[in-house]
Engineer: 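First the structure, then my questions, so here it is.
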Protein chains: 2
Amino acid sequence: MIEYQNLNEPVYLKVKEMIISGELKQGEKIVQEKIAEALGVSRTPLMRALLALENEYLVESIPRRGMFVRSLGQKEIFDIYVCREALEGMAARLLALSSDKTAVKELRDCFSCFLSQKEIDLQVYAKADEKFHSLLIKLTGNLPLDKIYFFGNIHEKVISRGLLRPPEETLGEHAKIIDAIEKGNADNAEKFAREHIEKSRILLLNQ
Amino acid sequence: MIEYQNLNEPVYLKVKEMIISGELKQGEKIVQEKIAEALGVSRTPLMRALLALENEYLVESIPRRGMFVRSLGQKEIFDIYVCREALEGMAARLLALSSDKTAVKELRDCFSCFLSQKEIDLQVYAKADEKFHSLLIKLTGNLPLDKIYFFGNIHEKVISRGLLRPPEETLGEHAKIIDAIEKGNADNAEKFAREHIEKSRILLLNQ
DNA sequence: TAATTGTTTTTTGTATACAAAATACTGTTT
DNA sequence: AAACAGTATTTTGTATACAAAAAACAATTA
């Protein structure tokens with residue numbers, strides 16, 4: 001009496017976590033049977049997860065050799081930031097052009113709790129920051145954009161654990177982006193969103 | 001005596017072609033065993049192909065119900081154009097900022113054969129146009145951008161077979177983009193690249 | 001006849017079996 | 001001891017088997 005629902009999602013999430021947490025190291029070969037056994041499933045659903053992760057750029061497949069945890073070099077992280085710049089910039093523009101301004105409230109809510117406090121918990125702020133950037137994309141309602149953007153997460157989740165820049169610096173930048181969206185100033189919204197990411201990108205380059 | 005190399009690629013290409021050619025209609029359910037048999041393979045390599053196609057947005061998976069050929073509505077095509085605008089715009093910017101200007105020659109070569117002729121073969125021009133837009137991305141050397149851009153192909157290959165606008169109109173626009181890249185004028189390169197796609201997008205909206 | 005229920009068929013999701021390729025190992029030769 | 005060849009082991013790629021879910025069908029009832 002075998003009983004299952006879709007192993008799909010849980011296996012995918014677990015393997016992803018193993019990569020992000022470093023349990024599976026960069027460049028390491030993923031021996032399918034080994035991981036499958038560790039997760040208590042067969043190779044079939046594991047393979048499905050690995051293929052999804054390959055498309056997310058976390059895993060690399062070399063035919064007849066196996067699947068490897070992808071290692072991201074400096075250049076690639078930089079390149080990902082360039083993509084984010086293009087996509088988040090466009091997202092900010094779209095939101096500014098949209099007549100429905102409920103998005104503004106949601107975006108502001110990400111940071112509202114930090115405005116009244118003196119000491120900001122960096123852990124909490126990092127979460128809020130991540131949410132803000134995801135929301136920026138999601139609220140556009142542009143599904144292809146949303147799907148494409150998955151790549152942007154790579155950096156946030158894999159490389160820079162913690163923030164690149166302090167809240168005092170970025171809080172104001174976020175506000176500027178939101179204000180421009182609210183005013184319907186598409187050019188500024190895009191410009192500020194881009195500059196915001198560019199600053200982190202430049203910083204990344206000099207370290 | 002079973003003999004095989006990777007069925008992976010050929011199966012993927014065949015299924016993709018079946019979708020693009022319309023042999024598998026939009027919204028149609030893909031019965032795995034049926035297609036697998038038609039291709040002379042088992043469900044395993046077919047599944048791999050379907051997952052890749054799912055990530056390319058050509059196929060949609062509904063758990064426990066099956067895989068379906070994705071149908072693209074007007075809004076989604078429009079949304080894809082918005083993504084292209086952001087990505088190709090950024091690509092043009094990157095090329096303009098790059099000191100290596102060999103890209104310019106390659107881009108110009110796409111259309112060089114049309115400059116001296118009176119009558120332009122639309123079929124040939126469509127090919128050149130597709131090449132130009134792919135090259136724009138590829139020449140940046142930004143791998144994540146390249147991977148992300150795959151989505152852009154959806155439109156070219158699935159929906160609009162043939163061109164949206166006549167060569168007389170677009171030939172000049174292409175030249176303007178290339179010129180700006182050559183001059184190292186990043187702002188103009190991005191602006192022209194965007195306007196070029198935006199014009200098609202607007203046209204799409206009014207039909 | 002329409003609706004509902006029970007049964008059969010189909011199809012998915014998963015596990016497993018097995019051939020060929022890749023890798024690790026062993027023993028021999030230099 | 002290093003290099004090599006030949007063999008054994010591991011691991012991938014594919015096919016297949018089978019249980020559970022879904023869909024199709026049939027039969028019964030209102």
Side-chain angles (χ1 to χ4, degrees), chain A residues 1-19 22-71 147, chain B residues 1-19 22-71 147:
Chain A
M1 205 202 310
I2 295 166
E3 209 173 298
Y4 50 74
Q5 65 271 45
N6 276 24
L7 297 180
N8 214 323
E9 195 71 3
V11 169
Y12 162 82
L13 289 172
K14 184 65 182 133
V15 177
K16 187 168 187 173
E17 197 213 291
M18 286 171 86
I19 294 173
E23 191 177 339
L24 288 168
K25 284 181 221 75
Q26 295 210 344
E28 188 178 334
K29 180 171 178 186
I30 298 172
V31 180
Q32 293 174 25
E33 198 110 31
K34 228 166 154 181
I35 306 296
E37 192 178 20
L39 299 184
V41 299
S42 78
R43 279 166 54 204
T44 314
L46 174 65
M47 196 57 190
R48 194 173 172 138
L50 291 177
L51 287 170
L53 291 168
E54 187 189 5
N55 280 293
E56 275 183 52
Y57 240 35
L58 286 172
V59 157
E60 189 176 14
S61 161
I62 302 175
R64 273 266 161 228
R65 309 296 295 290
M67 305 283 257
F68 299 82
V69 179
R70 209 158 185 295
S71 37
K147 198 150 198 207
Chain B
M1 205 202 314
I2 295 165
E3 208 173 298
Y4 51 72
Q5 63 271 44
N6 277 24
L7 298 179
N8 214 323
E9 196 71 3
V11 169
Y12 163 81
L13 289 173
K14 184 66 182 127
V15 177
K16 187 167 188 176
E17 197 213 292
M18 285 170 87
I19 293 173
E23 190 178 341
L24 288 167
K25 283 181 222 76
Q26 294 210 347
E28 186 177 337
K29 180 170 177 188
I30 298 173
V31 181
Q32 293 174 27
E33 199 110 31
K34 228 165 152 182
I35 305 296
E37 191 177 22
L39 299 184
V41 299
S42 79
R43 278 167 57 207
T44 313
L46 174 65
M47 196 56 191
R48 195 174 173 136
L50 291 177
L51 288 171
L53 291 168
E54 188 189 4
N55 280 292
E56 274 182 52
Y57 241 34
L58 286 172
V59 157
E60 188 176 15
S61 160
I62 301 175
R64 273 268 159 226
R65 310 296 295 290
M67 306 283 258
F68 298 81
V69 179
R70 207 157 187 295
S71 38
K147 199 153 195 204

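Each chain gets a letter, A, B and so on, in the order its sequence line appears, and its residues count up from 1. We use all heavy atoms of the structure for the numbers below, so side chains are in, but hydrogens, waters and symmetry mates are not. Remember, it's a predicted structure, so these values are computed and weren't measured experimentally.
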Engineer: To the nearest Å, give me how far apart CG (A/Asn8) and P (D/dA21) are.
Structural biologist: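 Checked: the CG to P distance equals 16 Å.
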Engineer: Are A/Val15 and A/Leu39 side-chain neighbours, meaning at least one heavy-atom pair lies under 4.5 Å?
Structural biologist: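 SC-SC contact between A/Val15 and A/Leu39 confirmed.
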Engineer: Roughly how many Å is it from CG in A/Leu46 to C1' in D/dG13, rounded to a whole number?
Structural biologist: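 Those two atoms, CG and C1', are 14 Å apart.
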Engineer: Which of the following nucleotides, C/dT16, D/dT14, D/dT11, is nearest to the side chain of B/Pro45?
Structural biologist: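 The listed nucleotide nearest to B/Pro45's side chain is D/dT14.
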Engineer: Would you mind reading off the distance between B/Glu33 atom CD and C/dT12 atom P, rounded to a whole angstrom?
Structural biologist: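 Spelled out: CD on B/Glu33 to P on C/dT12 is 8 Å.
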Engineer: Please figure out whether A/Arg43 or B/Val31 has its closest DNA chain C nucleotide nearer the 5' end.
Structural biologist: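 That would be B/Val31.
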Engineer: Over how many whole Å does the gap from A/Met47 atom CE to D/dT14 atom P extend?
Structural biologist: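 Roughly 9 Å, once rounded to whole Å.
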Engineer: Rounded to whole Å, how long is the line connecting atom CD of B/Glu37 with atom P of C/dT10?
Structural biologist: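 The distance from CD of B/Glu37 to P of C/dT10 comes to 13 Å, rounded to the nearest Å.
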Engineer: Does CD belonging to A/Glu28 count more than 12 external heavy atoms closer than 6.0 Å?
Structural biologist: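 Atom CD in A/Glu28 is crowded, with more than 12 foreign heavy atoms closer than 6.0 Å.
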Engineer: State, yes or no, whether a side-chain contact exists between B/Val59 and B/Arg70 at a heavy-atom distance under 4.5 Å.
Structural biologist: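 No, every pair of side-chain atoms sits at 4.5 Å or beyond.
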Engineer: Within the pair A/Thr44 and C/dT14, is there a side-chain N or O less than 4.0 Å away from OP1 or OP2?
Structural biologist: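 The answer is no; no side-chain N or O of A/Thr44 sits under 4.0 Å from OP1 or OP2.
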Engineer: Any idea which of C/dT12, C/dA15, D/dG13 is nearest the A/Val41 side chain?
Structural biologist: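 Within the option list, the nearest is C/dA15.
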Engineer: I'd like to know if B/Lys16 and B/Glu56 make a salt bridge, using a cut-off of under 4.0 Å between side-chain N and carboxylate O.
Structural biologist: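 Counted as a salt bridge, because a side-chain N and a carboxylate O are separated by less than 4.0 Å.
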Engineer: Starting at CZ of A/Phe68, measure out to CD of A/Glu60 and round the result to the nearest 0.5 Å.
Structural biologist: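 The CZ atom of A/Phe68 sits 8.5 Å away from the CD atom of A/Glu60.
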Engineer: Can you figure out which of C/dT11, C/dT14, C/dA22 approaches the side chain of A/Arg65 most closely?
Structural biologist: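 The answer is C/dA22.
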Engineer: Report the distance from atom CZ of A/Arg64 to atom P of D/dT10, rounded to the nearest whole Å.
Structural biologist: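 Rounded to whole Å, this separation is 17 Å.
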Engineer: What integer distance in Å separates B/Gln32:CD from C/dT14:C1'?
Structural biologist: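 Nearest whole value for this atom pair: 12 Å.
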Engineer: What is the distance, rounded to the nearest whole Å, between atom CZ of B/Phe68 and atom C1' of D/dA22?
Structural biologist: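 Distance check: B/Phe68 CZ to D/dA22 C1' gives 11 Å.
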Engineer: Of all the nucleotides listed (C/dG13, D/dT16, C/dC18), which has the minimum atom distance to the side chain of A/Arg48?
Structural biologist: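 Output: C/dG13.
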Engineer: Report which part of the nucleic acid A/Lys29 touches: base, sugar-phosphate, or nothing (heavy-atom distance under 4.0 Å, all strands).
Structural biologist: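 The residue A/Lys29 makes sugar-phosphate contact but no base contact.
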Engineer: What nucleic acid atoms does B/Ile30 come within less than 4.0 Å of, heavy atoms only: base, sugar-phosphate, or nothing?
Structural biologist: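 Sugar-phosphate, backbone atoms only, no base.
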